[in-house]
Structures are given as structure tokens and as C-alpha cells.
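Computed from heavy atoms alone, side chains included, the values below leave out hydrogens, waters and symmetry copies.
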Amino acid sequence: MFASLQSIYHRLLDSVDTKHHRFLYSQFNLSSRLTGLIGPRGAGKTTLLLQIIKQQFSAQSAFYFSADHIYFSNNTLYALVEELHLHEGINIFFIDEIHRYEHWNQELKNLYDGFPSIRIVFSGSSSLDIVNSGYDLSRRAKMYTLPGLSFREYLNFYCDQHIEAITYEDLMENHQAYDALLASIPKIKGHFQNYLKQGYYPFYEEDPIYYHEKLLTVIDKTIYEDIANFYHLKTENLQYFKKILYFLASIPPGNISIHNIAKNILLDDKTVANYLQQLKTTGLVQLIFSTGSGNTLLRRPDKVFISNTNLHYAITKNINHPIELGTTRELFFIQSLTGAGKTLYYSQIGDYQIENIIFEIGGKNKTMQQLKDQENSFLVKDDILVSRRREIPLILFGFLY
């Protein structure tokens, strides 16, 4: 059975494409003895790990395996790493899907404490909680999060562009300087519309015709495998997660509350609040809270969105519900900023607030009326490519990572 792990490792390594890299590739620092990579299903975590091995190590000096392989039904992860280190001299291990292994947290700690000369890189679900794992891994592990493709990455991967990322701070200070960038990209509006529907996940080109069907499969696997196993939920409870997602797709985010979700799917408010938090941690929804102090786990979200525009489009298409343009605009803004590591809050004045800046999202005919008394604010407009002093094209936020 070990031979199967070896064969899979070399087969995957031979087949991985290194033409394009996700933004995180250049930021991924392996100096730590324990490095973690989390993110939603389909974001490209496995490809990133294999690219790092292929381009930074020899195949013999490192070893990759997935912790959900049948080999681990009769063998421990600890024993495999120990054997390969002591007998083969391997010092760096790449462990995929570690959340599928029951005692991952304890065995990682034991390996970290017992073998000071090895390095371990592990990947897992967004729900992987090393802070509350009970084994104090949070002070040992350097953690990275991989979201789906940004619009910039989409253009680079599929449209033969070579565009560098824009920092949030530079965009706020110099957004008018990027008009020339937008003007230089052929058919940019068409590419943007395509990205909103089918550009967030790197596996789009594998089978474009069935892309949205694959996204529905991603949802099912996240619910019936990741959520079920990580939160130890009974099968009969899992149906409610999909009901929540389908309800979210059928109503504007501003009209959603925990109470009306609960009333619609016949659950109590507390259970729905817990389920929304679980959907958030596994990368299926976005929860937007008001500014203010306090633990967000104890507060109720002001807006709830399906996680990204591609998932939203796939679900609305599946239930034959029309797409709300306003929802798509706001969701693109949210996924772009959260992907860049920014925290957004709901604003009573505009739509959103990031740090001390207020943003109002709208179409090209939107006016500054709502923000006229707010100097530290911006109007973010869809369907424009030219900036003004306090107006930023929505599309530019897709270049933040």
C-alpha cells in the first residue's frame, strides 16, 4: 500500500503544470518547521504544494501524500513520517487534506516536538482550527490562506496577460493612475463578465461546459464531507446547509436575517446562526457585520452572501432564479477585498467600511448623493473604466491579489 502513495506522489508531480502560479506562491515561506495552507475546496491548494516541490526541491528530498488515502486506515501519519525520515533521509513533508485524518493535531505536535530536523507543510479545509485544536499548534505553525482566483489572476492565467497586483493602499491613493492599465486590456468588460460567472476557481479550463455542475459538487462535498466530519453532524442535519444556501440565492442580501432564514427552513435562530458560521469557515458564505467591538460569533450579521459570484451564479442557475445585478456587484467587491486579506464591515452611511473609509457600490449612473457629507469615502462604480477623484471602477478591486 505504501507503494501506492509513492506512485501517486510521482504521478502528480510529473503532471503538475508550472506555467502559472497563484499569488501565494511567491509569498509562501518554508522557513518555519510547521507551515499550514487552508482554503475552500477547489482553490488550488494541491497544485500549489506540488508546484513548490517541483520547482524548489528534488523529488527525492521531499515527500507528498494525501491524508485521506486508504493507507491510513491501518497506518498512522506519525509512523509514515518517522519511517521516511529515519530510513530515507527525507526532511520535508507535504501533507494534503490533513483535516480528513482523525488525529491530525496530536500527531503534528508529536512530530514537531520529536523531530526538530524535519519540516512539515500541511493543507486542509478552511474550517481547520489550529487555535482551538487543544495541542497549542497556533504558536508553532505559520498559516496561509488561499482564496479563489482574483480577476487579475484570471486574466494572467487565461488571457495571456502579465499584470502585477495592486496594493489596497496604492489603489486608495492612486486609483486614477490605473486607467491606462484598464484601457490596455483587450475586451476587458467581456472578460470581467465571464470571470463573474466562471473564473473564480482554477479548474474552470478542465471542463468549461460542466463547470457549474462541478461547483454544485464542490458544495455537496463541502457539506457532506468537510462539515459533516469536522463538526460531527448527523446526516439528517446536513440537508439544512443546502437549504440555507438556496434560500440565500433567492433573496437580496440586505433582506436576509437569521430569523427569516430560520423561519423559512423551519429551524431555530441559534441553530441557523451556528450553521452560518460553519458555512463561513468552510468557504461557502460571506458574513458581513457592523463596525464595533465585540466577538463576531456573538453578533448577528447584517448581510449574508453566498461566498463568491461563481457559486452564486451556479446556485441561482440551478434553481432557475434570476441574478440580482446589485448582489453580484457587492459580492465581487467583497470577495476581492477578503481575498486580499481585508476585513469589511457593514456601513449605515454607505454600503461597506474598511478601516476608516466608506464605500458605496453602484452602477455607472450612481451619484455621490449618499456620500456627499463623507469626505473619506468612495463611490465604486460598475461598468466604467475611468476613475475620478472619488470614483473608482469596481473592476479595479479585482487586481488586489
Side-chain angles (χ1 to χ4, degrees), residues 149-152 154-155 166 168 171-172 174-200 248-256 286 288 302-317 321-340 342 344-354 357-400:
L149 294 174
S150 67
F151 180 54
R152 179 192 72 88
Y154 169 83
L155 290 172
I166 303 169
Y168 170 78
L171 182 60
M172 293 300 97
N174 304 302
H175 54 277
Q176 289 178 282
Y178 294 103
D179 289 353
L181 169 64
L182 299 183
S184 72
I185 302 170
K187 303 177 182 178
I188 186 171
K189 287 188 176 182
H191 291 314
F192 183 58
Q193 292 305 314
N194 195 59
Y195 167 82
L196 294 174
K197 295 179 181 179
Q198 49 197 26
Y200 188 75
L248 295 178
S250 66
I251 189 169
N255 297 336
I256 292 171
Q286 302 266 13
I288 307 297
D302 291 89
K303 285 192 174 185
V304 184
F305 291 83
I306 292 169
S307 180
N308 59 74
T309 59
N310 286 194
L311 282 183
H312 187 262
Y313 187 86
I315 294 174
T316 54
K317 179 181 175 183
H321 190 275
I323 288 282
E324 293 279 348
L325 182 56
T327 298
T328 302
R329 289 168 176 159
E330 291 188 38
L331 185 47
F332 171 76
F333 181 80
I334 292 167
Q335 74 189 42
S336 297
L337 270 299
T338 55
K342 292 295 180 180
L344 296 87
Y345 295 97
Y346 173 74
S347 171
Q348 298 278 0
I349 301 170
D351 286 317
Y352 301 100
Q353 182 171 337
I354 301 172
I357 301 176
I358 295 171
F359 298 91
E360 175 76 10
I361 319 297
K364 62 182 179 182
N365 295 322
K366 186 83 172 181
T367 69
M368 291 294 297
Q369 179 64 29
Q370 195 165 337
L371 301 177
K372 63 180 181 179
D373 298 323
Q374 301 294 322
E375 182 60 30
N376 204 19
S377 63
F378 289 97
L379 187 57
V380 179
K381 288 189 173 185
D382 188 17
D383 206 30
I384 68 167
L385 299 177
V386 177
S387 304
R388 297 176 67 180
R389 188 177 70 87
R390 289 177 59 192
E391 292 184 2
I392 305 176
L394 174 64
I395 202 169
L396 268 178
F397 288 88
F399 294 80
L400 292 179

Q: For Ser336, enumerate each residue passing the side chain to side chain contact (heavy atoms under 4.5 Å, CB included) test, keeping only those at least two apart in sequence or located in another chain.
A: Phe332, Phe397
Q. Between Glu391 and His175, is any pair of side-chain heavy atoms under 4.5 Å apart?
A. no
Q. Minimum heavy-atom separation for Pro253 to Thr327, with atom names?
A. CD-OG1, 3.3 Å
Q. Atom CD1 in Ile384, atom CG in Leu379: separation rounded to 0.5 Å?
A. 7.5 Å
Q. Rounded to the nearest 0.5 Å, what separation is found between the CG atom of Leu182 and the CG atom of Leu396?
A. 4.5 Å
Q: With rounding to the nearest 0.5 Å, note down the distance linking CG in Leu171 to CD1 in Ile392.
A: 5.0 Å
Q | Intermediate values then yes/no, side chain to side chain contact (heavy atoms under 4.5 Å, CB included), Leu155 and Tyr195 | A | CA-CA 9 Å; Leu155 290 172; Tyr195 167 82; over 6 Å; no
**Q.** Non-hydrogen atoms of Gly398 and Ser150 that approach each other most closely
**A.** O-CB, 3.6 Å
Q.
Could you check whether any side-chain heavy atom of Thr328 comes within less than 4.5 Å of a side-chain heavy atom of Tyr313, counting everything from C-beta outward?
A. no
Q) Mind checking what makes side chain to side chain contact (heavy atoms under 4.5 Å, CB included) contact with Ala340, not counting sequence neighbours? A) Leu400, Tyr401
Q. Considering all heavy atoms of both residues, which atom of Gly350 and which atom of Leu371 are nearest to each other, and what is their separation?
A. CA-CD2, 4.2 Å
Q: List for me each residue that meets salt bridge (Lys or Arg N to Asp or Glu O under 4.0 Å) alongside Asp383, sequence neighbours excluded, and say none if there are none.
A: Lys189, Lys364
(Q) Does any part of the side chain of Asp302, heavy atoms only, come nearer than 4.5 Å to the side chain of Ile288, both counted from C-beta? (A) no
Q | Side chains of Asp179 and Ser387 in contact at under 4.5 Å (non-hydrogen atoms) | A | yes
Q: For Lys366, enumerate each residue passing the salt bridge (Lys or Arg N to Asp or Glu O under 4.0 Å) test, keeping only those at least two apart in sequence or located in another chain.
A: Glu360
Q | Value rounded to 0.5 Å, distance of CD in Gln335 from OG1 in Thr309 | A | 4.0 Å
Q. Can any side-chain N or O of Asn310 pair as donor or acceptor with the backbone N or O of Tyr200 at less than 3.5 Å?
A. yes
(Q) Side chains of Val380 and Asp351, heavy atoms from C-beta outward: is any pair under 4.5 Å? (A) no
**Q.** Check against side chain to side chain contact (heavy atoms under 4.5 Å, CB included), Leu325 and Asp382
**A.** CA-CA 10 Å; Leu325 182 56; Asp382 188 17; 4.2 Å; yes
Q) In Å, rounded to the nearest 0.5 Å, how long is the span from CG of Leu331 to CG of Asn308? A) 6.5 Å
Q) What heavy-atom pair brings Arg390 and Ser377 nearest, and what distance separates the two atoms? A) NH2-OG, 2.7 Å
(Q) Go through it in stages, so that I can follow the logic: the residues are Ile315 and Leu248, the test is side chain to side chain contact (heavy atoms under 4.5 Å, CB included), and I'd like the CA-CA distance, side-chain angles, deciding distance and then a yes or no. (A) CA-CA 10 Å; Ile315 294 174; Leu248 295 178; over 6 Å; no
Q: Check Tyr178 against Asn174 and note the closest heavy-atom contact, atom names and distance.
A: CD1-O, 3.4 Å
Q. For Arg152, which residues count as a side-chain hydrogen bond (donor to acceptor under 3.5 Å, both in side chains) partner, sequence neighbours excluded?
A. none
Q: Compare all side-chain heavy atoms of Phe305 with those of His312 and state whether any distance is below 4.5 angstrom.
A: no
Q | Close side-chain approach of Phe151 and Ile188, heavy atoms under 4.5 Å | A | yes
Q. Can you tell if the side chain of Tyr352 reaches within under 4.5 Å of the side chain of Leu337, non-hydrogen atoms only?
A. no
Q. Between atom OH of Tyr168 and atom NZ of Lys342, what is the distance when rounded to the nearest 0.5 Å?
A. 6.5 Å
Q. Does NZ in Lys317 sit with more than 12 non-hydrogen atoms of other residues, nucleotides or ligands closer than 6.0 Å?
A. yes
Q.
I'd like to check the side-chain hydrogen bond (donor to acceptor under 3.5 Å, both in side chains) partners of Tyr346; sequence neighbours left out, ordered by chain and number.
A. none
